Every structure is written in C-alpha cells, then in structure tokens.
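Keep in mind that this is a model prediction, so the values were computed, not measured.
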Amino acid sequence: MTINQAQTLKELHTIRDFVRYSMSRFYEHDLYFGHGTDNPWDEAVQLVLGALHLPWNSNPQLLDARITQDEKERVLDFLQQRVIQRRPLPYIIGEAWYAGMPFYVDERVLIPRSPIQELIEQHFSPWLREGPVERILDLCTGSGCIGIVCAYAFEEAEVDLADISADALDVARRNITRHELDERVTAIESDLFSNLQGRRYDLIVSNPPYVDSADLSGMPQEFQHEPDLALGSGPDGLDITKQILRQAEQFLTEDGLLVVEVGNSEVHLQQQYPQIPFTWLELEQGGNGVFLLTAAEVRQYCSAV
C-alpha cells in the first residue's frame, strides 16, 4: 500500500481526522500492537501527536484543531513508516515510556516493556533485605530504563548499566543525561560480568536476551526492527541466562538479590534445573517469567549450571 497523499491531504483537516484515518489503516493492514500500546486508538493518537511534537497526554480538546500542510505531510510520513515498514511506533517518534517515565529509543535497543517495573515500584519487597541499598547492577541494560528507574526508586544507590553493545550504551548514556543522573548512574561496556571485576552489588537485575529459536521465528514483523543481539539466546533461549547464573555469585553482596526475566523460556529453565529453588513472581500488572534468587541460593545451587 502507498498512501494517496494528495487526496488524503485534501480531505483530512483536524487531528481527529488523522487519528481516525490512521486507525482505519491499522485495521486494514492488521498491525501488531505491543510496543507501548495494545490497541489501534492509543497507537493512532500517539502517532499523530508525536508527529505534531505534542505530548501523548495533551488536552483532548486539541483533537479538533486543524493542522498545517507541513504537519499533515509529517503525519502521513509517520503513518507510512508504521503501516508499510511495520516500524514500531517508539522508533518512529524516538520515545518510549516505562514506569511512567520517558526514554529515548531507536533501533539500537529493545523497546522497554519489561514487567520488572512492577517490582521496582515495590522496592523488590519483601525479597530484598532491609537497609540501605548501595550498589545496583542493570545487566544487559539496553536503553538503560530498568537501571534508571531503579535509581529513582533507590535514591542513595549507585547504579551500573552494563551491556555488550556499544551502540546500546550510547542510547543508555543519552537517557542517563536526560534524567540528570550522571552522578549516580554509569554505563559500562561489558560482556556480562567481564568488565565488572571487583564490584559487588546489593541487587542485580537483568532482562537479558531470552527468546528461543521457535518463538523468534514466529514473532510479528515489528520485532524484526529490534536488534537480534537483544532478543535471541540459543535454541532454548537460555544461553545468556545460564552464564548469569554461573557467574552472579562473584558479584553479589553476602545478602544480595538476583532478579532475572526469561519470559516464555521459564518452561525450559524449570525443566533443566528442577533442583534450583527459583521464586517465580506473580505480577499484578501482567507479564511472566521473572524469577529471583538470593545470593545464598545462587552460591548453593548455581555454580554447576
């Protein structure tokens, strides 16, 4: 499909017109929603407002405002990218929201969507030991969203954002600066723990690549715009998670906590390691496949993973 731009520009005038038109194109082409919104209305509103440089929560009365010729063309360009190229909306507008906070994103990083945000909001209670939290590690950080939200939740903590991808860390550093956290949050290029020797953390949080081969091949087209490095992790999705389990003990404090998201690969992990006492978390806001282990459990059960 190519959008008949001349005719469309002639017949549509208001923000509401373009929201309705975008929704129709979404339904027509059966788009996938799951990178920030879960329905065509919210997606269309965010696309049009984003093209107009307006915040997503603008006054609804603005929907009846007329827009200029240049603005119309920009909206249609965004719509073309979304419908024809199947680019996820956050990449088009350069912004995603996580835990109620805005983050810059582009194709160098995954779009934030981890259910770990619910645990951060609860300060990982009741599992994280009481007392001050001095150091936190966000391993496989991508855009840095998990670690940055942790920095807000634990205002005295120093937070390291570690990733093997220099491109991803460029994005993370941009977000650190955006949230004015340069004094407490540091981005570190590291293949898992390789460049973190000598550091110990009260809390290690990780949303590593965990999509298994079967799920990866069947994902909607929108996911093809996300970096392969951040999605797949071997036939069972656990290659990187196993490395984390083997090495984490060296980097946790005596009473530290390890929290890892493995999504649908939870099934493989439980089948392969029935002896490990994973605590699988039930999340009120949705999401699955998040486990935690105390430092003592990591020491006792994970050295031979």
Side-chain angles (χ1 to χ4, degrees), residues 15 18-19 22-23 25-26 31-60 62-63 65 67 70-118 120-121 138 140-153 161 163 165 167-182 185 187 207 220-227 230-231 285:
I15 294 176
F18 279 89
V19 170
S22 298
M23 286 185 66
R25 302 290 72 77
F26 294 165
L31 297 191
Y32 169 81
F33 305 102
H35 290 97
T37 68
D38 59 8
N39 64 85
W41 168 260
D42 287 342
E43 185 97 350
V45 170
Q46 290 194 25
L47 184 147
V48 176
L49 292 180
L52 301 177
H53 307 291
L54 293 171
W56 64 271
N57 57 350
S58 295
N59 191 318
L62 278 176
L63 289 175
I67 61 178
D70 287 346
E71 289 174 331
K72 290 180 180 181
E73 292 175 1
R74 183 172 169 84
V75 172
L76 290 186
D77 174 61
F78 278 28
L79 183 58
Q80 192 93 354
Q81 293 182 57
R82 184 68 187 94
V83 172
I84 305 302
Q85 300 176 29
R86 296 294 178 103
R87 290 186 73 202
L89 182 58
Y91 290 154
I92 299 171
I93 64 177
E95 183 175 83
W97 284 73
Y98 184 72
M101 301 177 193
F103 292 89
Y104 172 77
V105 293
D106 59 32
E107 275 90 344
R108 294 175 292 176
V109 297
L110 287 185
I111 296 166
R113 51 185 177 269
S114 171
I116 288 175
Q117 66 172 322
E118 181 179 327
I120 304 172
E121 292 165 357
D138 176 7
C140 306
T141 189
S143 65
C145 60
I146 290 176
I148 288 171
V149 175
C150 283
Y152 277 101
L161 311 181
D163 204 290
S165 168
D167 285 339
L169 290 173
D170 284 343
V171 175
R173 291 188 183 98
R174 179 166 177 169
N175 284 316
I176 292 170
T177 299
R178 176 175 187 169
H179 289 272
E180 300 180 346
L181 290 168
D182 298 83
V185 181
N207 177 19
Q221 189 175 344
E222 279 81 355
F223 288 93
Q224 296 177 16
H225 291 271
E226 296 191 286
L231 286 170
Q285 299 172 22

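- A distance of 10.0 Å separates CZ of R25 from CD1 of I84, quoted to the nearest 0.5 Å.
- In this structure, V48 and S22 approach most closely via the heavy-atom pair CG2-OG, 3.9 Å.
- Rounding to the nearest 0.5 angstrom, the gap separating the SG atom in C145 from the CZ atom in R113 is 10.0 Å.
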List the steps and the verdict of side-chain contact (heavy atoms from CB on, under 4.5 Å) for Y98 and S114.
CA-CA 8 Å; Y98 184 72; S114 171; 3.7 Å; yes
Assess the residue pair D182 and T177 against the criterion (side-chain contact (heavy atoms from CB on, under 4.5 Å)); give the C-alpha distance rounded to whole Å, side-chain angles, the decisive distance to 0.1 Å, and a yes or no.
CA-CA 6 Å; D182 298 83; T177 299; 3.2 Å; yes
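- Relative ring orientation between W56 and W97 is described as perpendicular, the plane-to-plane angle rising above 60° on a 0-90° scale split at 30° and 60°.
- Remark: of the listed residues V75, V45, L54, L54 is the sole one forming a side-chain contact (heavy atoms from CB on, under 4.5 Å) with I15.
- To the nearest 0.5 Å, atoms CD (Q46) and OG1 (T37) are separated by 6.0 Å.
- Nearest heavy atoms, A151 versus V185: CB-CG2, 3.7 Å.
- Considering all non-hydrogen atoms of both residues, V105 and P90 come closest at CG2-O, 3.6 Å.
- A tilted orientation is assigned to the rings of F223 and H35, their planes being inclined by 30° to 60°.
- Heavy-atom contacts from other residues, nucleotides or ligands closer than 6.0 Å to CD of Q285 number more than 12.
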For Y104 and V171: C-alpha separation, side-chain torsions, deciding distance, then whether side-chain contact (heavy atoms from CB on, under 4.5 Å) applies.
CA-CA 7 Å; Y104 172 77; V171 175; 4.0 Å; yes
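- To the nearest 0.5 angstrom, D170 atom CG is 11.5 Å from N175 atom CG.
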Could you walk me through whether I148 and F103 satisfy the side-chain contact (heavy atoms from CB on, under 4.5 Å) test, starting with their C-alpha distance in whole Å, then the side-chain angles of each, then the deciding distance to 0.1 Å, before giving a yes or no?
CA-CA 10 Å; I148 288 171; F103 292 89; 3.8 Å; yes
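- Contact of the Q117 side chain with the V149 side chain is not registered, since no non-hydrogen atoms from C-beta on lie closer than 4.5 Å.
- Paired with R87 under the rule side-chain hydrogen bond (donor to acceptor under 3.5 Å, both in side chains), one option of Q81, E222, Q224 passes, and it is Q81.
- Taking a 6.0 Å sphere around CZ of R173, one finds it holds more than 12 heavy atoms contributed by other residues, nucleotides or ligands.
- Nearest heavy-atom pair, L49 versus P55, reported as atom, atom and distance to 0.1 Å: CD1-O, 3.5 Å.
- Taken from CE in M23 to CG in L47, the straight-line distance is 12.5 Å, to the nearest 0.5 Å.
- Inter-residue side-chain proximity for R86 and Y32 is flagged as unmet; no heavy-atom pair is nearer than 4.5 Å.
- Closest approach of P102 to H179, counting heavy atoms only: O-NE2, 2.8 Å.
- Contact check on R74 versus D77 returns no salt bridge, with no Lys/Arg side-chain nitrogen under 4.0 Å from an Asp/Glu carboxylate oxygen.
- Considering all non-hydrogen atoms of both residues, Y152 and L181 come closest at CE1-CD1, 4.0 Å.
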